[in-house]
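In what follows, a structure is listed as C-alpha cells, so that the remarks can point back to it.
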Amino acid sequence: MEGPHLDGYVIQHSDANRLLIIDGAIVRFTPTEYSLLLRLLKQSERHLSFAVLEQCLFLRSLNCNPRSALIRHMRRIRPKLWPFGLDILSITGYGYMLHAMHQELATMQALETVNLPA
C-alpha cells in the first residue's frame with residue numbers, strides 16, 4: 001500500500017509482512033516495531049505522548065513496564081531508519097516524534113554504521 005506520506009520520501013507498507021519500502025529499499029520490523037513506526041509516520045513531525053504510543057505495544061506479560069518496553073523498541077527501530085535520513089526523537093517526559101534529518105547527516109551516520117568494528 002502507498003503511504004503514509006512523508007515529504008521527500010516514497011513510502012509504501014505491507015501490513016501482512018510488517019515491512020516498509022522506503023525509497024525502494026525494503027525494511028522489516030517486528031509486529032510491535034511496525035505498529036509503533038506506522039503510528040509515528042502517520043503523525044510525522046508531530047510529537048506523540050508515551051500513553052498514545054504505549055497503545056501500540058504487544059506486551060507479553062502484565063509485569064512488563066510499558067515505558068521500558070517502549071524505550072527498548074525505539075532503540076531497535078532507530079538504526080533501521082538512519083540510512084534513510086529518518087530518526088525518532090525523544091521528548092523528555094512526554095514521548096517521541098519522527099524527524100527527517102538533513103541528508104548529509106544521514107549519509108555520515110550510514111557510513112559510520114558500515115565502518116563499525118566487528
Between Tyr94 and His47 (judged by ring centroids, cut-off 6.0 Å), do the two rings come close enough to count as a pair?
yes
Exam field: side chain Arg78 to backbone Ile88, donor-acceptor pair closer than 3.5 Å:
yes
Is the backbone of Val27 close enough, under 3.5 Å, to the side chain of Lys80 for a donor and an acceptor to pair up by distance?
no
Stepwise side-chain contact (heavy atoms from CB on, under 4.5 Å) check, Leu86 with His99:
CA-CA 6 Å; Leu86 298 170; His99 175 68; over 6 Å; no
Same cluster for Val52 and Ile77 if Ile/Leu/Val/Met/Phe/Trp/Tyr side chains link at under 4.5 Å?
yes
Rounded to the nearest 0.5 Å, how far does [atom2] of [Y] lie from [atom1] of [X]?
X: Asp23; Y: Gln12; atom1: CG; atom2: CD; result: 10.0 Å
X: Phe84; Y: Ile11; atom1: CZ; atom2: CD1; result: 9.5 Å
X: Glu33; Y: Leu57; atom1: CD; atom2: CG; result: 11.5 Å
X: His13; Y: Leu38; atom1: NE2; atom2: CG; result: 5.5 Å
X: Leu40; Y: Arg46; atom1: CG; atom2: CZ; result: 12.5 Å
X: Leu53; Y: Leu36; atom1: CG; atom2: CG; result: 6.0 Å

Parallel, tilted or perpendicular: which fits the ring planes of Phe29 and Tyr34, with parallel below 30° and perpendicular above 60°?
tilted
Do [X] and [Y] make a side-chain contact, defined as non-hydrogen atoms from C-beta onward lying under 4.5 Å apart?
X: Ile71; Y: Met74; result: no
X: Leu89; Y: Leu98; result: no
X: Val10; Y: Ile21; result: no

Run the side-chain contact (heavy atoms from CB on, under 4.5 Å) check on Leu37 and Leu20 step by step: do they pass?
CA-CA 9 Å; Leu37 189 52; Leu20 286 180; 3.3 Å; yes
Arg67 and Glu54 ion-paired at < 4.0 Å:
yes
Walk me through it: do Trp82 and Asp87 pass the test side-chain contact (heavy atoms from CB on, under 4.5 Å)?
CA-CA 6 Å; Trp82 289 339; Asp87 198 4; 3.0 Å; yes
Residue pair Tyr9 / Gly85: nearest heavy atoms and the distance that separates them
OH-O, 3.2 Å
What pair of heavy atoms forms the shortest contact from Ile91 to Phe50, and how long is it?
O-CZ, 4.4 Å
